[in-house]
2 protein chains.
Amino acid sequence: MHATAITPSNRSASKAKVVRGLLEGLLEGKWQGGNRFTETLGAEAFGVSRTPVREALLDLQALGLIELRRNCGAIIHPFGENDLREIYAVRSLFEVEATRVAASRINLAKVETLIEAFEKIRGSGGIDPEWEFDRGLHQLIADSSGNRRLSTEIGRYSSLVQTMREIVGARAQGIHSASADEHLEILRALHRRDASDASSAMRDHLQQASDSAVAAMLEIRQR
Amino acid sequence: MHATAITPSNRSASKAKVVRGLLEGLLEGKWQGGNRFTETLGAEAFGVSRTPVREALLDLQALGLIELRRNCGAIIHPFGENDLREIYAVRSLFEVEATRVAASRINLAKVETLIEAFEKIRGSGGIDPEWEFDRGLHQLIADSSGNRRLSTEIGRYSSLVQTMREIVGARAQGIHSASADEHLEILRALHRRDASDASSAMRDHLQQASDSAVAAMLEIRQR
DNA sequence: GCTCCGCGGATTGTATACAATAACGGAAGT
DNA sequence: ACTTCCGTTATTGTATACAATCCGCGGAGC
């Protein structure tokens, strides 16, 4: 539904490729020192022109991952455990607030549908399809917040996290997706229209997700 | 200090021009219906090429102000009182959190410097220079949050608000800048390292700012 | 009359060319 | 040796050209 800035399916495919490549480098731990990365360099590295590279760099700058200085190229800051936690901290800020607000407005029928979906997952023990529903849940909450700006911000970070997931998923084995239980706790609180419990459950959920992401990154780097 | 996305002094002057022009239209209340705005149209309207228009549209999309659809042009949503309040709500989310975290880390000497500055302002009754210190205060808090991501987001919204201020300031008479008292309350709480009071004062400050901005927008539209 | 296919135009996505500008280095002066 | 100035060069900012893609419309077939 949202025009996701980072992974717009196939819209701006080149830009997405560049973003992914740079994120891979960040997660792997390349660019340890304050490395410089010019648009031309990126264009050659990824086999595209400067234009999508430039747009990718602007996006990454807006996410605080790089610093752009005129006629200097992008300064890539070393990316560590702490940076990943910061990303989840901001995401948590957004989504906890969205959950709190959404509790009194969210469409209960949709909540029930998702509850059934997650219960089915928990029963079957399937892991793979869960991310799909996870995205659906976060999207539903964002849209139900009634604040377009908040929803947009959530979408931006959602795309970032999604891309990181894909990168990590392709390399790390033991990356465990969030447990259906956490999702169900959020959903049941929402169904009761209990803003406090719901937002609290969302906070815990994202804390888990944060720890999990850090573990996955460290696993990747130990190779 | 930050590479501000919207008003980078004179970096990307054309892009800034386009952003400002579009924001003017939004604040004035043009584009009431779901208007379409193509890149070519913008290029002609502002006398620049498509490239800076495109970048401006991407920024505005990331701020939730417009919707970009492939081969469809930008869909400009009507902008109302509620949208302005939403922007301040998100900003409040960022800055209240930053204030809370910064309380235990902020450099007290810098706080004292700002306290003196605001006390001088309050004495002299000068209004004009206050925005400059206002920006300094918010920037200091953002940088003291110790979270680069959070700081970046604050910078994005800060630029947006700053541009809106400039637009409004050029048209409305009675736009009153925030009272020095509000700033002093934040600063004194920070100086006590009282996270609760400081963040609470920041919340109140932004609530005032929000009301003030809405009033200014309505004043503009009544002409 | 209704549906489906295909084509033309409009619009974005990407590449390239040109202009502006700031970093870098070296030479001259002290 | 240090600093300052200036020219070169690297790099971004902007403009333009080209490619891909989607939307709408009209006509053919049923």
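Chain A is the first sequence line, chain B the second, and so forth, proteins listed ahead of strands; every chain is numbered from 1. Heavy-atom basis, side chains included; hydrogens, waters and symmetry copies ignored.
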Tell me whether the side-chain N/O atoms of [X] come closer than 4.0 Å to OP1 or OP2 in [N].
| X | N | result |
| --- | --- | --- |
| B/Arg54 | D/dA15 | no |
| A/Ser14 | C/dT14 | yes |
| A/Ser49 | C/dT14 | no |
| A/Arg11 | C/dG13 | yes |

How far does the helix from C/dG1-D/dC30 to C/dT30-D/dA1 bend, going by the axes of its first and last five pairs, to the nearest 10°?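 The angle separating the two end axes equals 10°.
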Sorted by position of nearest nucleotide on DNA chain D, 5' first, the leading residue of A/Thr38 and B/Val48 is A/Thr38
Using atom [atom1] of [X] as one end and atom [atom2] of [N] as the other, report the distance to the nearest whole Å.
| X | N | atom1 | atom2 | answer |
| --- | --- | --- | --- | --- |
| A/Lys17 | C/dG13 | NZ | P | 16 Å |
| B/Ile75 | C/dT12 | CD1 | P | 11 Å |
| A/Glu39 | C/dT16 | CD | P | 15 Å |
| A/Leu68 | C/dA23 | CG | C1' | 16 Å |
| B/Glu44 | D/dA15 | CD | P | 13 Å |

Please name all residues satisfying side chain to side chain contact (heavy atoms under 4.5 Å, CB included) with B/Asn107, sequence neighbours left out, ordered by chain then number.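 B/Asn107: side chain to side chain contact (heavy atoms under 4.5 Å, CB included) contacts with B/Ala109, B/Lys110.
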Keeping to residues at least two apart or across chains, list the side chain to side chain donor-acceptor pair (under 3.5 Å) pairs with something in residues 23-36 of chain B. B/Glu24-B/Arg171, B/Glu28-B/Arg171
Could you list the donor-acceptor pairs under 3.5 angstrom formed by side chains in residues 40-50 of chain A, with sequence neighbours left out?
residue, atom, partner, partner atom, Å
A/Ser49, OG, A/Thr51, N, 3.3
A/Arg50, NE, A/Glu39, OE1, 2.9
A/Arg50, NH2, A/Glu39, OE1, 2.9

Only counting residues at least two apart or in another chain, list the ones meeting salt bridge (Lys or Arg N to Asp or Glu O under 4.0 Å) with [X].
| X | value |
| --- | --- |
| A/Arg85 | A/Glu81, A/Asp211 |
| B/Arg165 | B/Asp134 |
| A/Arg135 | none |
| A/Glu55 | A/Lys15, B/Arg54 |

Give me the ring orientation class for B/His205 and B/His183: parallel if the planes are under 30° apart, tilted from 30 to 60°, perpendicular past 60°.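 It falls in the perpendicular class, over 60°.
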Scan B/Thr51 against the nucleic acid and name what it touches under 4.0 Å (heavy atoms): base, sugar-phosphate only, or nothing.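 Base contact.
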Can you give one letter per nucleotide of nucleotides 17-23 of chain D, going 5' to 3': B for a protein heavy atom under 4.0 Å from the base, S for sugar-phosphate only, - for none? B---BS-
Of the non-hydrogen atoms in A/Leu114 and A/Leu137, which two are nearest, and what is the gap between them?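 In terms of heavy atoms, the two residues are closest at CD1-CA, 3.9 Å.
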